[in-house]
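Below: one structure, written as structure tokens.
The figures here come from the full heavy-atom set of this structure, side chains too, leaving out hydrogens, waters and symmetry mates. Order of the sequence lines fixes the chain letters, A, B, ..., with proteins taken first and strands second; residue numbering starts at 1 for each chain.
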Amino acid sequence: NAGVTQTPKFRVLKTGQSMTLLCAQDMNHEYMYWYRQDPGMGLRLIHYSVGEGTTAKGEVPDGYNVSRLKKQNFLLGLESAAPSQTSVYFCASKDRPLRKLFFGSGTQLSVL
Amino acid sequence: KNQVEQSPQSLIILEGKNCTLQCNYTVSPFSNLRWYKQDTGRGPVSLTIMTFSENTKSNGRYTATLDADTKQSSLHITASQLSDSASYICVVANSGYSTLTFGKGTMLLVSP
């Protein structure tokens, strides 16, 4: 049982480049989330989805876009990367609102 | 503004000793409080979830307490092991579907 899988694990971008982070879960969860984790700060919500075909903005959505075309996948896109987007990105999922979150192992992104 | 404050920021203890981590929150309306363990380079893993009516919840050597009146929680680790070295994150949920407020974490190092 893989749980939540994130790809890639590491990526280095130049300012202005674009990329897509992929999150896949095999637990049939409805809810999926993208967070970023920066040194000295708690995890912050970027975007989330409460079901296939739905997305919503979180606390820090600027500069990111997301899509949830299939229930098991949640994509996070950076259209024009900036150094401020250097961070560790975590995807998470859960089946119901009050249940625990299952996290992926993270993507370390550096924007030069 | 919803906030979660954790103390101490970091802690070093000897293997076999006990320790207690603290969490104070100002999240309203309160739904539940969660403790997560995050190993270096990994995603957070859920330890406990407590609702308003629960004062104590255990998961092996981990025992979490909640005082909803004073808005405080603690995580007690008994007979620490080297594998307990990690960051411990307190997370408070309000009654919305996706609003979680994360603390910055307490970094615990268990020394042999």
Task: More than 12 heavy atoms of other groups within 6.0 Å of B:R42 CZ - done: no
Open item on the list: Please classify the contact of B:Q6 with chain A as side chain, backbone, both or neither, using a heavy-atom distance under 4.5 Å.
Closed with: neither
Residues 100-112 of chain B, side-chain donor-acceptor partners within the protein, below 3.5 Å, at least two apart:
{"residue": "B:T106", "atom": "OG1", "partner": "B:P8", "partner atom": "O", "Å": "2.6"}

Open item on the list: Would a single hydrophobic cluster contain both A:F10 and A:L78, if residues Ile, Leu, Val, Met, Phe, Trp and Tyr are joined by side-chain heavy-atom contacts under 4.5 Å?
Closed with: no
Task: Side chain, backbone, both or neither of A:E59 within contact of chain B (heavy atoms, under 4.5 Å) - done: neither
Task: Nearest-0.5 Å distance, OG of residue B:S46 to NZ of residue A:K94 - done: 11.0 Å
List the atom pairs, donor and acceptor, that lie under 3.5 Å between side-chain atoms in residues 97-112 of chain A and the rest of the protein, sequence neighbours left out.
{"residue": "A:S105", "atom": "OG", "partner": "A:K9", "partner atom": "NZ", "Å": "3.4"}
{"residue": "A:T107", "atom": "OG1", "partner": "A:Q6", "partner atom": "NE2", "Å": "3.4"}
{"residue": "A:T107", "atom": "OG1", "partner": "A:P8", "partner atom": "O", "Å": "2.6"}

Open item on the list: Out of A:A92, A:A56, A:G40, A:C91, return the one with the most heavy atom pairs under 4.5 angstrom to chain B.
Closed with: A:G40
